[in-house]
Amino acid sequence: QSILLTFIPNVQFSPFYVGIDGGYFEEAGFNVTLEHLQEPDVLDLVAVGQANFGIVSGEQVILARAQGRDVVYVFEWFQRYPVGLAYSSALDLSDLSDLSGLKVGIPGRFGASYSGLTTLLHSAGLTEDDIEVVEIGFNAPEVFCLGEIDAAIVYVNNEPLQIRERAQAGDCGAVADVDVVSVASQVDLVSNGMIVSRDLLADEPGAARRMAGALGAALREAIDNPAGAYLTSLNHVDDLPQSADFVAELQAASERQRAFLAANPDRAAIARSRQDLAEALAAQFEAALLTQFNVLLNTIELWEADRLGYSDLASWEAMRETLDLMGYLDGDLGDLADAFTNEFLAGNDG
Amino acid sequence: MKLSLENLAVAFSDPQGGLLPALGPVSLAVGEDEFVCLIGPSGCGKTTLIRVLAGLQAPTSGIALCDGVPIARPMRGFAIMFQEANLMPWRTVLDNIALPLEVAGVPAANRYKTVRALLPLLQLENFDQAYPAELSGGMAQRVALGRVMVQEPQVWLLDEPFGALDALTREKLSLELLQLRSRTTQIIIMVTHNISEAVLLADRVIVLSPRPGRLVADVRVDLPRPRFPEMIYERDFLRLAKRIRASIDEISG
Amino acid sequence: MKLSLENLAVAFSDPQGGLLPALGPVSLAVGEDEFVCLIGPSGCGKTTLIRVLAGLQAPTSGIALCDGVPIARPMRGFAIMFQEANLMPWRTVLDNIALPLEVAGVPAANRYKTVRALLPLLQLENFDQAYPAELSGGMAQRVALGRVMVQEPQVWLLDEPFGALDALTREKLSLELLQLRSRTTQIIIMVTHNISEAVLLADRVIVLSPRPGRLVADVRVDLPRPRFPEMIYERDFLRLAKRIRASIDEISG
Amino acid sequence: MQESSRTATAKIEKRSLSARGNTLRRLSPLATVLLLLLIWLWISDREIISPILVPPPADVAAAFADALADGSLAAHSFTTLGEMFYGLLLGVGIGLAIGYAIAKAPVLEHVLSPIIVAFQSTPIVAYAPLLIIWFGTGPASKVVTTAVIVFFPTLVNTIAGVRAVSPNLLDVMRSLDAGRWQIFRLLELPAASPVLLAGLKTSSTLAVIGAVVGEFVNPQRGLGYLVTSARNRYDTPLVYVSVLTMTAIALSLYSLVALVEWRCLSWRRRSLN
Amino acid sequence: MQESSRTATAKIEKRSLSARGNTLRRLSPLATVLLLLLIWLWISDREIISPILVPPPADVAAAFADALADGSLAAHSFTTLGEMFYGLLLGVGIGLAIGYAIAKAPVLEHVLSPIIVAFQSTPIVAYAPLLIIWFGTGPASKVVTTAVIVFFPTLVNTIAGVRAVSPNLLDVMRSLDAGRWQIFRLLELPAASPVLLAGLKTSSTLAVIGAVVGEFVNPQRGLGYLVTSARNRYDTPLVYVSVLTMTAIALSLYSLVALVEWRCLSWRRRSLN
Ligand SMILES: Nc1ncnc2c1ncn2[C@@H]1O[C@H](COP(=O)(O)OP(=O)(O)OP(=O)(O)O)[C@@H](O)[C@H]1O
Ligand SMILES: Nc1ncnc2c1ncn2[C@@H]1O[C@H](COP(=O)(O)OP(=O)(O)OP(=O)(O)O)[C@@H](O)[C@H]1O
Ligand SMILES: [Mg+2]
Ligand SMILES: [Mg+2]
């Protein structure tokens, strides 16, 4: 059983590594291998039945359904939309409409970044014509630090860290620190999650449920024990920063966390435990060693929810509205409610 | 083996898009053991004739036969020496001469032995490892001759084989050719511009007209064999040479 | 214009990595208006000598001078005809002959006029639009000769210019050469293997030894001019021819 | 007897049929395209591959008509064509110049090869930011991408072609006291042209890739952008339209070079007859 | 007088110095690399380009040492090398075969060129899903990517090289009643080798690009993966390490071809002296 992922092996996929190493997938009856592909390829391969499970963002589901790919979104992995706008702290953007007239870098007019920018502008009552859009590819930190743009559309869990690190090292021109306004803070847009094909639901209705359950459990473990998740990721991601000290410290932290979790703490307490861990590590290790771990912590903030996997119609509608604004929806989308389902999530039995 | 040409003619498409008659029609029969020299003005089709016999050029009309079989492709036992040396520039003298043996599948040691035995005769003793670009014009021609000799053919097709050689080397090699031939029966058809050479070597001298080459004279050389260079001062020799010269002068009016 | 060679010698690196003496040392002076024929065994360095004079080959020792100036690169007024035709396969006969004029910057109309006037002489009338691959060996050689003629050189360096031609064409062209020369003063240095031709044409016949070629005989031909082919039957002619033949026989011992 | 005269007759016929042969020759690429179209029709009709991946020709034709009608296809194509044109100009020009220099002075090959190979083998993503900073986000960076990829085949084939020029013919030119430029124009260019044109064939098809890859890295407009954006919108017919347009451009360029070749090498064709 | 004898002396000296010349020749690429390194040092020392884009050599060296020590660089390189090897084998093999066929039967060029050019000019993103369906997500799909890009230069140069074989020498072989394979081995291969090797030079450097692009589309491991991953972490020194490794691989391959060329064409060198 392949799960098709996007991008490349990366600490952000740690729930899947936990799912494999922790035996969650196996328990659910899957022998999982992970493959990384371009997002449209993931979607098409799931749609034609070449693979059963894939991870794509919600907007892709809408777009693809409009073009006749009958895939269903069964588990919302990222509860918060990961895109945001990074800008120098020196800039006052407390009111988003102040964006007007600025030079904003974006990878290109496609994908999640573009949806994110459109949504941000829309919620600020602006349009693309009010700002200067500069297409820079995936080169935001460089271009930003060289002062070529005023702000950049970024993935909030990764690039701001990189830029901040540089800014603090004095490597980022006039910029001393960056602030981020995330799309999620303005509008709830549906984000990355797991898809299956309609055919699979018809042929093997149990498979989606078992997979959603396993993923939910693995995701929960990754959220609750980031140190453990990072250690597991080391087995799957070739070039995660590590050192003997760091690994030993993470192992200790993971053990402590396990003990702490055994006492059934509430979610707020767990969140605090993550914060504490981050601070403790920051005091102990140099920043370069910690970046990927911090990416993981940032990403966990995007995953965290009371009901993992749950997506609501409003976030889908918001996404559709955005896509409409972008002029991307010309096909026949049908009923948006067919695009996703929450029926396979734990606690929704029957 | 017997060769015969029956109304053989070759035409090429000419620059203006028409047809350029290059040779013939020619009819000719060459017996078992004949040494035939071809003489004719430049561009009259001698090379073309040789190429037809070698199976490299299809006739436009008429036919060339070997023992009654039409020559449509290169035949076994035939060897051709081209007007140009046509050596492979990446092969040494040794390997160029050995090429026919290599194609025939003779093992390396054997073929080099055979070729080395030939080098003194060709006066190329110290040049076995030289490349064609390091040879003089006459040396290259001798390598090409060696490439024919090594095949021990039954039919030799030689297109001005001694053209680039000085008189002495020329005599030496042509006498060598006569000797080789005295040992086995072979047909030799040789193009030359040298009347004395033709009379000295051949059983028959064929004179062709200007383009398109037709048979103008077929002079039987009935001098005794073996022949020697000194013969060129003999009466009979001079008579034949003059007759050939006369028929050449005639055609060019 | 006067040419002189002073202890000129050329050596090439030989296949074994040593040095192969190819020519000389040779010393020679050629006057204003001389027609010199070079005779020598194959591989003795005739071509090499011609190439040194053409400025295409640096001597290993000694020097070649033109009016006292060392020849280190191709000189104005010199034209060389190579032993091979060396035509450009992508140029028609017309364009191949016109090449020197094109290099000299002569406008197209003029150069084609000049070349066309030359074609009958070369017996290439209907082949102006033919490509080299469509020519016979002798025709290609005549194109190469035309390429030299069109330059109207003061010094002609001819390396076996008539080697691939039949006796008649050969005579015709060499007489043409004599005529051309009778009109202006020109130096002609010509390699040939044909003793009669040498005596008929030259003021001096130089005989070279086998490699490395040294001067063996320097025979002054004092036959009256203008000369005609019929002269070859005259006593003086035969005497000179015999003398040259004797010195050739001598060196090859 | 029959065999040989048959050969002869065949040879003569071949000549008189050459006009018809030319027409055939010109039609054969069309025949291939038609055949491919039929295979495509058959595949999508039988759904041998899901229509999600291989849309039916009719859909693609419709998408093509749309893209033509609203002028977007033309606009994107012009962008890409412009990038290709300047990229080719730059890359081929520099490739010819450096290649000629190397052919004439072999030491240069040893000195320059590390730089040249590095240029050629470094994937563009690696230096995309530098490209954007130096050449901006406009077409210049794509022109550079194209030039880089186009440069190499031109270079190596120029070297090979010029080096193979017959030394005998070089002697002829030298004996005529021809200048460098004359030697190049009258001897080296025509002598090397078969190899140069082969390099140009590779370069011209790589030019499309170069421009499109440039547009992937920094997509603004052009056919590369169109592919990416159509792919991201799951508009497979439009993906096909843009890819087929690229192919058409590449094929036109290739045919152009082939035509030049056909003209330049007419002598060889006639000589070989 | 002096001038000419100087030329002569120079010529003789050149010969006796050829051993030293060889050493020089071998060292000159190293010298270039050294020079580049110095320029790089100078740029990053003076911060002419921001260290964000061009990290100091020392950092890159450190990253290189790390990547070597933990064996990851070797592992990724082997993956990419493997893909390249099989891709080259496949692409060059097919290119040679089809190229030879086209050279011998020119009609084929007209029939096949649309297919071939289409293959060459279609960006891989357009057919990535098909590639994965047919060849899976393993190395096979990258081998195919490599083969596709490597195929074309081999093809066109094979055509050009084989077509340029002297018809006179072909007559020699035919007169010896040589078989097809003998004609190929004894005449066409050596005669066409300069042009074939030029094609191989282009192919071998494109092979790196092919493998890496394949890895971008479907990244599991390999140098393409390493670049993406380092890029994503904004680990510029590691980006440099992986790119320099690619360059080193390309350069080795190129040198290998150049070496073969040096051997094959020794006759030409000696003839030209
Ligand atoms: N491949 C060809 N294409 C067109 N015409 C040709 C071709 N080969 C030869 N010819 C023509 O055919 C005629 C005869 O040529 P051929 O080479 O047989 O003459 P030849 O008698 O050998 O002359 P030479 O003594 O000069 O070598 C010439 O006019 C030549 O132009
Ligand atoms: N480029 C070269 N490299 C090495 N050796 C050469 C080169 N050119 C000529 N030679 C050698 O120099 C000697 C003289 O050659 P050259 O061509 O001058 O002879 P030639 O007198 O013209 O002979 P022929 O009458 O056969 O043409 C020969 O032994 C030849 O092998
Ligand atoms: Mg002939
Ligand atoms: Mg000579």
Side-chain angles (χ1 to χ4, degrees), chain D residues 25-26 28-29 31-33 36 49 53-54 107 109-115 117-118 120-123 125-126 129-130 133 152-153 156-157 159-161 163-164 167 194-195 197-199 201-202 205-206 208-209 212-213 216 224 227-228 231 239 243 246-247 249-251 254-255 258 271-272, chain E residues 25-26 28-29 31-33 36 49 53-54 107 110-115 117-118 120-123 125-126 129-130 133 152-153 156-157 159-161 163-164 167 194-195 197-199 201-202 205-206 208-209 212-213 216 224 227-228 231 239 242-243 246-247 249-251 254-255 258 271-272:
Chain D
R25 185 177 52 76
R26 257 176 236 134
S28 54
T32 309
V33 170
L36 288 178
I49 303 172
L53 300 177
V54 179
V107 208
E109 178 164 15
H110 301 291
V111 175
L112 294 181
S113 60
I115 305 180
V117 175
Q120 168 77 358
S121 64
T122 307
V125 283
L130 283 179
I133 286 172
F152 199 76
V156 292
N157 276 34
I159 298 176
R163 277 201 190 148
V195 185
L197 287 168
K201 279 183 181 176
T202 304
T205 52
L206 282 178
V208 186
I209 299 199
V212 164
V213 165
F216 285 148
V227 170
T228 319
R231 186 84 191 92
V239 171
V243 166
M246 287 174 203
T247 307
I249 291 177
L251 206 55
Y254 179 92
S255 306
S271 307
L272 293 177
Chain E
R25 187 176 52 76
R26 257 177 235 133
S28 54
T32 309
V33 171
L36 288 178
I49 302 174
L53 299 176
V54 180
V107 209
H110 302 290
V111 176
L112 293 181
S113 60
I115 305 180
V117 175
Q120 168 77 356
S121 63
T122 306
V125 282
L130 288 179
I133 289 182
F152 199 75
V156 292
N157 276 33
I159 298 176
R163 278 204 189 145
V195 184
L197 287 167
K201 280 184 181 174
T202 304
T205 52
L206 283 178
V208 186
I209 299 198
V212 165
V213 165
F216 285 149
V227 170
T228 318
R231 255 327 260 121
V239 171
S242 24
V243 166
M246 287 175 204
T247 308
I249 291 177
L251 206 55
Y254 179 92
S255 307
S271 305
L272 294 177

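In what follows, every chain begins at residue 1, and chains take the letters A, B, ... in the order their sequences are listed.
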Answer with side chain, backbone, both or neither: which region of [X] has an atom nearer than 4.5 Å to a non-hydrogen atom of chain E?
| X | result |
| --- | --- |
| D/I249 | neither |
| D/A31 | neither |
| D/P194 | backbone |

Using heavy-atom distances under 4.5 Å, tell me whether [X] contacts chain D through its side chain, its backbone, both, or neither.
| X | value |
| --- | --- |
| E/I133 | side chain |
| E/P114 | both |
| E/L251 | both |
| E/V111 | both |

Drop me the distance from D/T32's OG1 to E/I115's CD1, to the nearest 0.5 angstrom.
-> 6.0 Å
How far does CG of D/N157 sit from CG of E/N157, to the nearest 0.5 angstrom?
-> 4.0 Å
Sequence neighbours excluded, which residues qualify as side-chain contact (heavy atoms from CB on, under 4.5 Å) partners of D/V239?
-> D/A230, D/R231, D/V243, E/A126
Top residue by heavy-atom pair count (under 4.5 Å) with chain D, among E/L130, E/V213, E/T228, E/V33?
-> E/L130
Quick one: of E/L112, E/I209, E/V208, who has the most non-hydrogen atom pairs under 4.5 Å with chain D?
-> E/I209
Between D/F152 and E/T202 the two heavy atoms that sit nearest each other are CE2-CA, 3.6 Å
How far apart are the closest heavy atoms of D/V156 and E/A198, and which atoms are they?
-> CG2-O, 3.5 Å
